[in-house]
Colleague: 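One structure, as structure tokens, below. Some questions next.
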Amino acid sequence: MSPSPPLPVDLSGIQLDPGGGLARQLYQALRERILDGRLPGGTRLPASRDLSQLLGISRNTVTRAFDQLYAEGYIEGHIGNGTYVVELVSVIRPTPIQAPSPTPSKALQRLQVHHLPAPAEGAPRAFRVGIPALDLFPFEIWARLSARFWRKPSPARLGYGDPAGDPQLRELIAAYLRNSRGLHCDPAQIVVTCGAQQAISLCAQLLVEPGDQVAIENPGYRAAGHAFAMAGAQLKGIAVDAEGLDTAALAQVGSCRLAYVTPSHQYPTGVTLSLARRLELLDWAERHDSWIVEDDYDGEYRYSGTPLAPLAALDRQGRVLYVGTFCKIAFPALRLGYLVLPLALAPLFARRRALDMRHSEIGTQAVMAEFIATGHFQRHIRTMRRAARSRRDALLAGWPEDVPGCAPVPAVNAGLHLCVRVDSLARERALIAAANQVGVELNGLSNYWLADSETPLDDRAGLVLGFASVPEPDIAKALQMLRQAWGANQQVLS
Ligand SMILES: Cc1ncc(COP(=O)(O)O)c(C=O)c1O
């Protein structure tokens with residue numbers, strides 16, 4: 001296949017489902033970008049031939065989509081003279097979200113900075129971060145269990161339920177953690193949540209006072225930082241090295257209310273927190289009377305070696321709050337996770353949770369409980385681990401070795417993503433832009449740093465690649481595109 005021509009505008013993220021009307025989908029994708037300002041007025045759209053080649057659709061389809069946009073007044077232009085996005089009046093272009101007058105609260109003000117980027121659109125593509133192998137989820141089994149539950153649900157489960165979560169599910173989670181993580185906990189310590197994010201947010205709401213220092217890994221999981229910042233925390237970014245969070249740097253910061261860590265597979269660098277550091281961290285928490293939030297978001301994905309004991313299993317003082325999720329082993333939209341809490345905290349977290357949303361929806365909890373109890377969960381974990389390992393291998397096998405400025409790919413023994421260091425921010429940007437031009441999605445490591453980091457910009461550069469979301473042939477295809485894109489852009493990249 002010949003390389004697609006570079007486009008004058010960034011149209012990354014457009015994904016068309018061959019099963020539906022392609023022209024309509026393209027029209028909608030372009031219209032959305034025009035309305036939200038990603039394609040501002042005056043932007044020249046690519047020629048229909050180039051666009052059709054890039055998206056792998058017929059030129060006729062592109063023309064039909066353009067015609068519709070033209071008819072509705074989103075674009076203008078004439079054949080042979082280019083097609084341009086029109087200047088839209090502000091009435092229809094959504095303005096940035098602003099706090100309503102008269103008195104914006106602190107929370108509303110913080111939200112201007114502390115929020116997540118819009119989720120990536122469309123079905124997963126190669127190298128999307130945080131997405132497991134969605135194609136392998138046993139939907140037939142899930143549908144059967146779901147139908148069985150809903151055919152004749154017990155009236156006792158249809159009223160207001162336990163805010164801590166379905167008792168049967170909590171029993172099963174406790175047994176699972178005992179067997180798979182060596183984490184001995186009582187079901188009474190478990191609070192079911194809407195995914196890891198809500199678990200982290202509950203920790204922020206209940207443990208952090210405005211003005212408290214909270215230590216987070218830097219680079220790290222920005223969504224956790226945002227949750228703590230929304231509670232009024234002063235974020236203290238702590239460096240991460242080959243052994244994980246730098247506990248010596250943490251000791252320099254002094255007193256913090258809480259430290260948030262991803263010990264089994266640091267997000268996004270992928271390193272594992274060493275045993276010595278785990279013990280130092282626990283010791284630090286004891287000396288400073290601090291909490292530790294341990295986010296074990298992808299602990300099921302371990303490919304070699306024995307996993308180290310979670311901090312929660314080493315904790316003798318009731319300082320560790322352990323966060324787990326089903327979203328990386330099933331799928332993110334499931335929104336099901338849990339907290340394992342020091343016993344005295346569990347009822348308080350459940351009370352707080354009840355004020356937000358009473359409890360998680362019963363169907364998902366009950367079906368997950370059946371899924372676990374009937375052995376499907378363990379089977380699915382094995383399937384997912386095998387698939388992720390094989391997809392990792394496909395990425396490692398096809399990764400271009402000779403890209404200027406790219407460090408060698410590190411050993412990858414866990415998780416769903418890997419991180420390749422790059423020698424400058426300019427290079428990171430150029431590599432990502434060239435990849436986007438051929439429709440390949442890549443994440444910059446520079447996005448994962450706190451804005452006020454002292455680390456020089458060039459030392460923050462790298463590429464973060466999810467390897468699990470699509471099958472091996474799609475990974476190989478994307479790597480082929482990358483090789484072409486990066487090979488054709490040697491001048492920009494070197
Ligand atoms: C480090 C980390 N923690 C938590 C989450 C969120 O998990 P959930 O979807 O269960 O909220 C993610 C998602 O990517 C993550 O990367």
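Atoms within each ligand, like the ligands themselves, are counted from 1 in listed order.
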Colleague: Which of these, G220, A196, G195, P268, has its nearest heavy atom closest to atom 7 (O) of ligand 1?
Modeller: A196

Colleague: With the threshold set at under 4.0 angstrom, would you say R335 reaches ligand 1 through any of its heavy atoms?
Modeller: yes

Colleague: Starting from atom 3 (N) of ligand 1, find the nearest protein heavy-atom neighbour and note its residue, name and distance.
Modeller: D295 OD2, 2.5 Å

Colleague: Just jot down the ligand 1 atoms closer than 4.0 angstrom to any heavy atom of C327, in number order.
Modeller: 9 (O), 10 (O)

Colleague: Calculate, to the nearest 0.5 Å, the distance between atoms NE2 and OH belonging to H265 and Y297 respectively.
Modeller: 5.0 Å

Colleague: Could you tell me how the ring of F371 sits relative to the ring of W142: parallel (under 30°), tilted (30 to 60°) or perpendicular (over 60°)?
Modeller: perpendicular

Colleague: I want to know whether H114 and F228 have ring centres closer than 6.0 Å.
Modeller: no

Colleague: Taking atom types as modelled and ignoring hydrogens, do the side chains of S304 and N413 form a donor-acceptor contact shorter than 3.5 angstrom?
Modeller: yes

Colleague: Using a strict cut-off of 4.0 Å, indicate which atoms of ligand 1 neighbour a heavy atom of T325.
Modeller: 8 (P), 10 (O)

Colleague: Under the salt bridge (Lys or Arg N to Asp or Glu O under 4.0 Å) criterion, do R319 and D289 qualify, and how do the steps go?
Modeller: CA-CA 8 Å; R319 297 190 175 278; D289 195 18; 3.1 Å; yes

Colleague: Below 3.5 Å, N or O to N or O, backbone or side chain included: is there any such pair between Q197 and ligand 1?
Modeller: yes

Colleague: Using the rule given for side-chain contact (heavy atoms from CB on, under 4.5 Å), can you reason through V261 versus L245, listing the C-alpha separation, both sets of side-chain angles and the distance that settles it, and then say yes or no?
Modeller: CA-CA 8 Å; V261 282; L245 182 94; 4.0 Å; yes

Colleague: Among all protein non-hydrogen atoms, which one is nearest to atom 6 (C) of ligand 1, and what is the separation to 0.1 Å?
Modeller: Y221 OH, 3.3 Å

Colleague: Counting non-hydrogen protein atoms only, what is the nearest one to atom 14 (O) of ligand 1? Give residue, atom name and distance.
Modeller: K328 NZ, 2.6 Å

